[in-house]
Protein chains: 2
Amino acid sequence: MSQALAGDTLHRLLHAYKRALRQAYADEQLELGVAQIRTLKTIRGLSPCSASAIAQRLKWDKAQLARLLGDLDSRGLVHRRPAPDDGRRQQLTLSDAGQAMLARVDACEQRAHERLAKGLSETELAAFEALAQRLIDNLERPIPSAD
Amino acid sequence: MSQALAGDTLHRLLHAYKRALRQAYADEQLELGVAQIRTLKTIRGLSPCSASAIAQRLKWDKAQLARLLGDLDSRGLVHRRPAPDDGRRQQLTLSDAGQAMLARVDACEQRAHERLAKGLSETELAAFEALAQRLIDNLERPIPSAD
DNA sequence: ATTTATTGGTTGATAAAGTCAACCAATTGA
DNA sequence: TCAATTGGTTGACTTTATCAACCAATAAAT
C-alpha cells in the first residue's frame with residue numbers, strides 16, 4: 001500500500017466503530033445486532049425492496065440475508081409479501097414495530113456518531129465520506145479479465 | 001449521524017476491503033486469515049512484543065489473541081519465549097517462516113492496495129488516513145464518566 | 001412452444017471473528 | 001503480608017460470513 005493509507009487503519013476504525021455501535025445498542029437495550037440493524041435500515045431506504053436488492057446493495061451473501069430476514073420476521077419487525085409481478089420475489093417492508101425499532105436505533109446512533117465525529121468539521125466529514133465512497137467504488141468495480 | 005458521514009459507508013468499505021484481502025490471500029495460496037495476518041504484522045511492528053501489547057494495540061479480546069497466537073505458533077510462524085523481567089509475560093517474535101510469510105503478504109497486499117487507491121492522489125490518501133486516525137482517536141478515548 | 005439458463009430465496013454445513021467468564025501464576029499496590 | 005491487578009489460557013457462546021445444493025419461477029435461446 002502507499003504509505004499514506006494503512007490497511008490497519010481501516011481495520012481499527014471499523015473495529016472501534018462496531019464496538020461503539022454495539023455498546024450504544026446495548027445501553028439502549030436494543031436486542032439486535034449490527035447486521036440486523038443494517039438490514040432494517042436498508043429495507044427502510046429501498047422501495048420496493050427485496051432480499052436480492054439488499055444482498056446486492058450490501059454485497060452480502062444471500063444465504064446470510066435469508067437468515068437475517070427470517071430472524072427479523074420472527075421478531076415481527078418486517079413484513080414479507082409475495083411480489084405482484086414475480087412469483088419468486090418477496091416484497092419487504094417494515095412493520096410498525098420495525099419502524100419503532102429504527103426510531104430507537106436512530107437516536108442511539110446519533111449519539112454514537114456525535115462521538116465519532118467530535119472535533120471534525122462538516123467539510124472534513126464530507127471529504128472523508130467522498131474519499132471512502134471512491135475507495136468502495138474501486139473495490140466493487142469488476143476487475144477487467146485478461147481473457 | 002451528521003449527514004456528511006454515513007455509518008453505512010464505513011461498513012461497506014471494510015466489507016469490500018476484507019473481501020479484497022481474502023481474495024488476494026487466496027489467490028496467493030496464503031492459508032491465513034485476516035486476523036492472523038494482522039497479528040503477524042503487529043508482532044513485526046512492535047519491539048518488544050507481548051500478547052497484551054497486541055491486544056491493547058488492536059483492541060482485541062485477549063482470549064481471541066491467545067487462540068490466534070496458539071495457531072500461529074503451531075504453524076511455526078512465531079516464537080514465544082518467557083520475558084526476562086516478568087514471569088507472566090511472553091516475548092513474541094517472528095520466526096524465519098513468519099518473516100517469509102509476511103514478505104508474501106506484503107506483495108499480496110500491495111496489489112490489493114493499489115486497486116483500493118487507484119485514481120486517488122497521495123494527498124487524498126494522506127488526508128483520508130489522517131481523518132480516519134482522528135475518528136479512531138474519538139472512539140478509543142475513554143468517555144469521561146459522570147460520577 | 002419447448003428447452004436451457006438464470007434468478008430469488010432457503011437450507012445445510014462450515015469457518016472466521018468476536019465476546020464473556022472463570023481460572024491460575026506472577027507482579028504490583030496497599 | 002495481604003489484596004488487587006495483570007498476563008495469559010481455556011471453555012462456552014454469539015455474530016458474521018461463505019460455499020454448495022436445492023427448488024420454483026422467470027427470462028433467454030432455440
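Please read these numbers as outputs of a predicted model, since none were measured by experiment.
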Check: Within a radius of less than 6.0 Å around CG of B:Asp96, do more than 12 heavy atoms belonging to other residues, nucleotides or ligands occur?
Finding: no
Note to self: Listing request: all salt bridge (Lys or Arg N to Asp or Glu O under 4.0 Å) pairs with a residue in residues 29-47 of chain B, at least two apart in sequence or in separate chains.
What the structure shows: A:Asp8-B:Arg38, B:Lys41-B:Glu109, B:Arg44-B:Asp106
Rounded interatomic separation in angstrom, taking [atom1] from [X] and [atom2] from [N]:
X: B:Tyr25; N: C:dA15; atom1: OH; atom2: C1'; result: 17 Å
X: B:Arg22; N: C:dA16; atom1: CZ; atom2: P; result: 10 Å
X: B:Arg19; N: C:dA15; atom1: CZ; atom2: C1'; result: 16 Å
X: A:Tyr17; N: C:dG18; atom1: OH; atom2: P; result: 16 Å

Notebook entry, point to check: If you walk 5' to 3' along DNA chain D, what is the first nucleotide with an atom under 4.0 Å of a heavy atom in chain B, and what is the last?
Noted result: D:dT6 to D:dT18
Item checked: Listed once per pair and sorted, the side chain to side chain donor-acceptor pair (under 3.5 Å) pairs that draw on residues 47-61 of chain A, sequence neighbours left out -> A:Ser50-A:Ser52
Item checked: Close residues, residues 84-95 of chain B, relative to DNA chain C [heavy-atom separation under 4.0 Å] -> B:Asp86, B:Gly87, B:Arg88
Check: What distance separates A:Phe128 CZ from B:Leu13 CG, expressed to the nearest 0.5 Å?
Finding: 7.5 Å
Item checked: Atom pair CG/NE2 of B:Leu10 and B:His15 - distance to nearest 0.5 Å -> 14.5 Å
Margin query: Working note: B:Arg104 + B:Gln29, criterion side-chain hydrogen bond (donor to acceptor under 3.5 Å, both in side chains); need CA distance, chi angles, decisive distance, verdict.
Written below: CA-CA 10 Å; B:Arg104 292 176 69 198; B:Gln29 267 108 44; 5.9 Å; no
With sequence neighbours excluded, what pairs up with [X] under the side chain to side chain donor-acceptor pair (under 3.5 Å) test?
X: A:Arg115; value: none
X: A:Arg111; value: A:Glu28
X: A:Thr9; value: B:Glu129
X: A:Arg75; value: A:Asp71

Checklist line | The single option from B:Leu32, B:Leu69, B:Val78 passing side chain to side chain contact (heavy atoms under 4.5 Å, CB included) against B:Thr39 | finding: B:Leu69
Next item on the list: Give one of base, sugar-phosphate or nothing for A:Arg80, where a contact means two heavy atoms less than 4.0 Å apart.
Entry: sugar-phosphate
Notebook entry, point to check: Between the two end axes of the helix from C:dA1-D:dT30 to C:dA30-D:dT1, each built from 5 base pairs, what angle do you get to the nearest 10°?
Noted result: 40°
Notebook entry, point to check: Which residues satisfy the side chain to side chain contact (heavy atoms under 4.5 Å, CB included) test with A:Gln90, sequence neighbours excluded?
Noted result: A:Arg80
Next item on the list: Give the minimum heavy-atom separation between B:Cys49 and B:Ile43, together with the two atoms involved.
Entry: SG-CA, 3.9 Å
Next item on the list: Provide the closest heavy-atom pair for B:Arg134 versus A:Gly119 in the form atom of the first, atom of the second, distance.
Entry: NH2-O, 2.9 Å
Notebook entry, point to check: How are the rings of B:Tyr17 and A:His11 set to each other: parallel, tilted or perpendicular (split at 30° and 60°)?
Noted result: tilted
Note to self: For DNA chain D, which residues of residues 40-56 of chain B approach it to below 4.0 angstrom with any heavy atom?
What the structure shows: B:Ser50, B:Ala51, B:Ser52
Next item on the list: List in numerical order all residues of residues 58-76 of chain B for which some heavy atom is under 4.0 Å away from an atom belonging to DNA chain D.
Entry: B:Lys62, B:Ala63, B:Ala66, B:Arg67
